[in-house]
Enquirer: 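Below is the structure I would like to discuss, written out as structure tokens.
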Amino acid sequence: MKKAFILDLDGVICDTAVFHYEAWKRLAQEYHYQLTESDNEELKGVSRVDSLKFILSRANHSISEEQFQLDLERKNEWYLEKVAEMNDSYLLEGVKTFFQQCKLLNIPLGLGSASKNARLVLEKVGLLNEFQAIVDASTVIQGKPHPETFLKAAELLGFEPENCIVFEDSSSGITAAKAANMFAVGIGNQHDLPLADYCIPNLGKFDFTQV
Ligand code: BG6
Ligand code: MG
């Protein structure tokens with residue numbers, strides 16, 4: 001049966017996970033909290049609003065609703081400063097070959113991202129036109145770990161969930177893919193992504209003979 005691929009963006013296609021981390025870290029310092037690598041693992045795949053709620057709870061800090069909105073905007077401004085400098089050199093290892101191979105094999109591609117900046121980032125790295133379906137934070141009601149992001153991408157591609165393979169670097173995204181009844185390839189290691197069907201270090205290591 002023909003398969004479709006659904007890819008996460010940050011940390012799978014490009015190196016933006018570290019930009020999110022640096023921007024959240026800067027904000028967390030203002031709450032006198034040192035954001036850790038392990039906090040960051042939990043933040044991967046989590047929406048902007050839920051990320052800030054998580055940080056405030058870790059910092060045991062509370063702010064007004066108005067300040068909450070301002071801080072979300074400031075974090076995004078810091079993030080966008082980094083995005084502005086991006087080009088295709090920010091693609092993670094193996095990504096270009098992966099996309100060439102998908103084209104060669106005629107594999108339909110969908111994006112399933114929790115980011116509101118997904119289209120902008122894809123444009124910066126030159127991949128915006130490679131996807132037949134794009135689902136981002138502005139198109140779903142319930143973010144990862146809810147399966148809506150991936151189910152919507154499958155629907156737009158015209159594929160049944162069991163015929164979709166998801167590529168994800170976040171624990172919440174792997175949970176979402178499994179809840180959607182899809183095959184989930186973890187980008188990273190099995191220790192961080194125990195629910196993944198298997199893990200590879202980057203897209204370049206994907207074995208196309210399995211498709
Ligand atoms: C996810 C990232 O893809 O998008 C998270 O893994 C990020 O770290 C989330 O917080 C939301 O992104 P944005 O660009 O809408 O702030
Ligand atoms: Mg990710």
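The analysis underlying the following values was restricted to heavy atoms, covering all of them including side chains, and did not include hydrogens, waters or symmetry mates. Both ligands and their constituent atoms are indexed starting at 1 by order of listing.
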Enquirer: Applying salt bridge (Lys or Arg N to Asp or Glu O under 4.0 Å), run through Glu30 and Arg74 and close with a yes or a no.
Expert: CA-CA 12 Å; Glu30 294 185 10; Arg74 286 194 306 138; 2.7 Å; yes

Enquirer: Evaluate the criterion salt bridge (Lys or Arg N to Asp or Glu O under 4.0 Å) for residue pair Glu168 and Lys178; output intermediate values, then yes/no.
Expert: CA-CA 11 Å; Glu168 250 294 346; Lys178 295 316 293 176; over 6 Å; no

Enquirer: Pull out every atom of ligand 1 sitting under 4.0 Å from any heavy atom of Ser51, numbered as shown with elements.
Expert: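 Listed by number with element, the hits are 10 (O).
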
Enquirer: Could you see which bit of Lys116 sits under 4.0 Å from ligand 1, with heavy atoms only: side chain, backbone, both or neither?
Expert: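 Answer for Lys116: both.
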
Enquirer: Should we count NZ of Lys82 as having more than 12 external heavy atoms under 6.0 Å?
Expert: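 12 or below, so no.
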
Enquirer: Please determine whether any non-hydrogen atom of Ala137 lies less than 4.0 Å from an atom of ligand 1.
Expert: no

Enquirer: If we ignore angles and hydrogens, is there a donor and acceptor under 3.5 Å between the side chains of Asn60 and Tyr33?
Expert: no

Enquirer: Quick test: of every protein heavy atom, which one is nearest to atom 2 (C) of ligand 1, and how far off is it to 0.1 Å?
Expert: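 Sorting protein heavy atoms by distance from atom 2 (C) of ligand 1 puts Asp10 OD2, 3.5 Å first.
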
Enquirer: With respect to the Mg ion (ligand 2), what is the nearest N, O or S atom of Asp8?
Expert: OD2

Enquirer: Provide, to 0.1 Å, the distance between atom 16 (O) of ligand 1 and the closest protein heavy atom, together with that atom's residue and name.
Expert: Arg48 NE, 2.7 Å

Enquirer: Has the side chain of Asn117 got a donor or acceptor atom that lies under 3.5 Å from a matching backbone atom of Leu120?
Expert: no

Enquirer: Could Lys3 and Phe5 be counted as a cation-pi pair, given that NZ or CZ must be under 6.0 Å from the ring centre and within 45° of the axis?
Expert: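 Judged by the rule (NZ or CZ under 6.0 Å from the ring centre, within 45° of its axis), Lys3 is not positioned above Phe5.
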
Enquirer: Does an N or O from Lys44, backbone or side chain, lie closer than 3.5 Å to an N or O of ligand 1?
Expert: no

Enquirer: Is the closest N or O pair between Asn117 and ligand 1 shorter than 3.5 Å?
Expert: yes

Enquirer: Should we count CD of Glu93 as having more than 12 external heavy atoms under 6.0 Å?
Expert: no

Enquirer: What angle sits at the Mg ion (ligand 2) between O of Asp10 and OD1 of Asp169, to 10°?
Expert: 90°

Enquirer: Quick one: look up the protein heavy atom nearest atom 6 (O) of ligand 1 and list residue, atom name and how far away it is.
Expert: Gly45 N, 2.8 Å

Enquirer: Tell me which protein heavy atom sits closest to atom 9 (C) of ligand 1, plus the residue, atom name and distance to 0.1 Å.
Expert: Val46 O, 3.2 Å

Enquirer: Parallel, tilted or perpendicular: which one describes the rings of Phe98 and Phe208, with boundaries at 30° and 60°?
Expert: tilted

Enquirer: Between the Mg ion (ligand 2) and Glu168, is there an N, O or S atom separated by less than 2.8 Å?
Expert: no

Enquirer: Name the closest protein heavy atom to atom 11 (C) of ligand 1, giving the residue it belongs to and the distance to 0.1 Å.
Expert: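 I find the closest protein heavy atom is Ala114 O, 3.5 Å.
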
Enquirer: Assess Leu9 for proximity to ligand 1: is some non-hydrogen atom of it under 4.0 Å away?
Expert: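 Checking ligand 1 against Leu9, which is what was asked, there is no heavy-atom contact under 4.0 Å.
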
Enquirer: Check Ser115 against ligand 1 and report side chain, backbone, both or neither, counting heavy atoms closer than 4.0 Å.
Expert: both

Enquirer: Distance from Phe54 atom CZ to Trp24 atom CH2, nearest 0.5 Å?
Expert: 11.5 Å

Enquirer: Is ligand 1 less than 4.0 angstrom away from at least one heavy atom of Ala17?
Expert: no

Enquirer: Just say parallel, tilted or perpendicular for the rings of Phe206 and Tyr198, cut-offs at 30° and 60°.
Expert: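 The rings of Phe206 and Tyr198 lie parallel, inter-plane angle below 30°.
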
